[in-house]
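Hydrogens, waters and symmetry mates play no part in the numbers below; they use all other heavy atoms, side chains included. Values in this document were obtained by computation on a predicted structure and should not be read as measured data.
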Amino acid sequence: MRAIWKGSVSFGLVNVPVKLYSATESHDVSFRQVHAKDGGRIKYQRVCSIDGEEVPYSDIAKGYETEDGEMVILTDDDLAELPSTSSREIAVEKFVPSDQIDPMLFEKSYYLEPEKSGAKPYALLRQALKDADRMAVVTVALRQRTSIAVLRVRPSDDGDDVIVLQTMMWPDEVRQPDFTIEAGDVKDSEVKMAHLLVETLAGDFDPSEFEDDYAGAVESLVKTKIEGGEVKKTATSTRSSGEVVDLLAALQKSVAAAKSARGEAPAASSEDDTEAEQTADKAPAKKAAKKAPARAAKKAS
């Protein structure tokens, strides 16, 4: 893992230098939008809804839409004047009981690793959180914006527990349900049966018992289609992960297609070019040697 942030945890007069690592990663299956006929990627243009013209990135600005539909344009200078912070401090505001934090508030999780000089105070904070069964409510500046978060201890399989920082949503970002549930009268016998069902399915949570069946099914389906030859050959790669694209072959095919559209005879194929190059490579070395002095004389003149 690579640290994405460096700073320190401060509580009271104690300061713990730490590194921050993303604790989670998404394994969602992603699909491309393609032309069903030939597998070509679907491209989108940045078109203005008023004049219908394509807009270059240099002319794109940020806009805030008001409730009545008016658009307020914000420039880079406007945004630079907004309050922001670049503090490298994770400030502990208070220690609260763990059961007082609604899990719905949690957003992204990060691992905190202590610097060598902060190993001991890190261990002390970790032990204090475990013994008190509390979380530390903190404020932290990530991406130049102050966020509220908590520090909690996550048990590790090897016994070396780690402190996790979990950013939280602001209270006004959690929506309240605007519906009512009319279940009617619930009978005692129904409640007892519900309790029996809970007891029957009771157990400890083991995340290894669960797996993403959908992702596995998609991979199996794709593999089957590849083995069956159900693959669209495109001129250029649809991958954006840095894979090498045979640009020369793509250009040759494009030129051949253009000439064919104009009714011209196709040029020699790449295989013919390769054979010609091999024939040239097999030419006697004497001819090259004879030309060398002539080239040298011409260069000297």
Side-chain angles (χ1 to χ4, degrees), residues 1-10 18-36 38-93 101-112 137-151 164-179 234-243 245 247:
M1 295 189 294
R2 184 178 65 178
I4 62 171
W5 186 91
K6 290 184 179 182
S8 61
V9 178
S10 64
V18 294
K19 298 177 183 177
L20 203 66
Y21 300 87
S22 292
T24 60
E25 60 184 2
S26 175
H27 289 165
D28 285 347
V29 176
S30 60
F31 297 100
R32 306 285 193 186
Q33 286 194 326
V34 298
H35 188 190
D38 53 23
R41 286 281 302 276
I42 303 300
K43 295 183 178 181
Y44 295 92
Q45 295 178 317
R46 301 172 299 278
V47 178
C48 177
S49 61
I50 296 178
D51 58 25
E53 296 183 358
E54 186 174 0
V55 182
Y57 275 116
S58 58
D59 290 346
I60 295 179
K62 290 182 173 62
Y64 181 90
E65 187 173 7
T66 63
E67 293 183 358
D68 57 2
E70 297 292 333
M71 190 66 67
V72 180
I73 306 299
L74 301 176
T75 65
D76 291 340
D77 292 338
D78 294 330
L79 297 175
E81 295 178 359
L82 295 177
S84 62
T85 179
S86 58
S87 172
R88 290 290 175 176
E89 182 182 63
I90 301 174
V92 175
E93 305 296 337
I101 304 294
D102 185 350
M104 186 177 289
L105 291 170
F106 292 144
E107 281 193 303
K108 191 167 177 57
S109 302
Y110 301 90
Y111 289 130
L112 285 183
V137 178
V138 303
T139 52
V140 57
L142 294 175
R143 302 180 183 87
Q144 296 186 337
R145 181 181 177 184
T146 300
S147 299
I148 185 173
V150 296
L151 300 181
V164 174
L165 180 144
Q166 285 188 274
T167 56
M168 296 196 299
M169 304 181 71
W170 296 99
D172 62 352
E173 293 178 321
V174 178
R175 302 173 63 185
Q176 297 298 322
D178 59 356
F179 55 85
T234 56
T236 56
S237 171
T238 60
R239 303 289 292 181
S240 58
S241 59
E243 292 182 356
V245 178
L247 182 58

Q: Are more than 12 heavy atoms from other residues, nucleotides or ligands located less than 6.0 Å from atom CZ of Phe31?
A: yes
Q: Looking at residues at least two apart in the chain, or sitting in another chain, which of them share a side chain to side chain donor-acceptor pair (under 3.5 Å) with Asp68?
A: Thr66
Q: Kindly write out the residues that satisfy side chain to side chain donor-acceptor pair (under 3.5 Å) with Glu53, not counting sequence neighbours, or none if the list is empty.
A: none
Q: Compare every heavy atom of Ile42 with every heavy atom of His35, then report the nearest pair and how far apart it is.
A: N-CD1, 3.7 Å
Q: Show the nearest heavy-atom pair for residues Thr146 and Trp170, with the distance to one decimal.
A: O-CZ2, 3.4 Å
Q: With sequence neighbours left out, write down each residue that passes side-chain contact (heavy atoms from CB on, under 4.5 Å) with Ala3, or none if nothing qualifies.
A: Lys19, Tyr21
Q: Who are the side-chain contact (heavy atoms from CB on, under 4.5 Å) partners of Pro56, not counting sequence neighbours?
A: Ser58, Asp59
Q: Only counting residues at least two apart or in another chain, list the ones meeting side chain to side chain donor-acceptor pair (under 3.5 Å) with Thr75.
A: Asp78
Q: I'd like to check the side-chain contact (heavy atoms from CB on, under 4.5 Å) partners of Glu54; sequence neighbours left out, ordered by chain and number.
A: Gln45, Arg46
Q: Looking at residues at least two apart in the chain, or sitting in another chain, which of them share a side chain to side chain donor-acceptor pair (under 3.5 Å) with Thr167?
A: none
Q: In a check of side-chain contact (heavy atoms from CB on, under 4.5 Å) between Val9 and each of Val92, Val138, Leu165, which one passes?
A: Val92
Q: Which pairs would a plain distance check flag for residues 101-112, meaning a side-chain donor or acceptor within less than 3.5 Å of a matching protein atom at least two apart in sequence or in another chain?
A:
| residue | atom | partner | partner atom | Å |
| --- | --- | --- | --- | --- |
| Asp102 | OD1 | Met104 | N | 3.0 |
| Ser109 | OG | Gln166 | NE2 | 3.1 |

Q: Assess whether atom CG of Asp51 is packed by more than 12 heavy atoms of other residues, nucleotides or ligands within 6.0 Å.
A: yes
Q: Going by the rule side-chain contact (heavy atoms from CB on, under 4.5 Å), which residues pair with Ile73 if we only count those two or more places apart in sequence or in a different chain?
A: Ala61, Met71
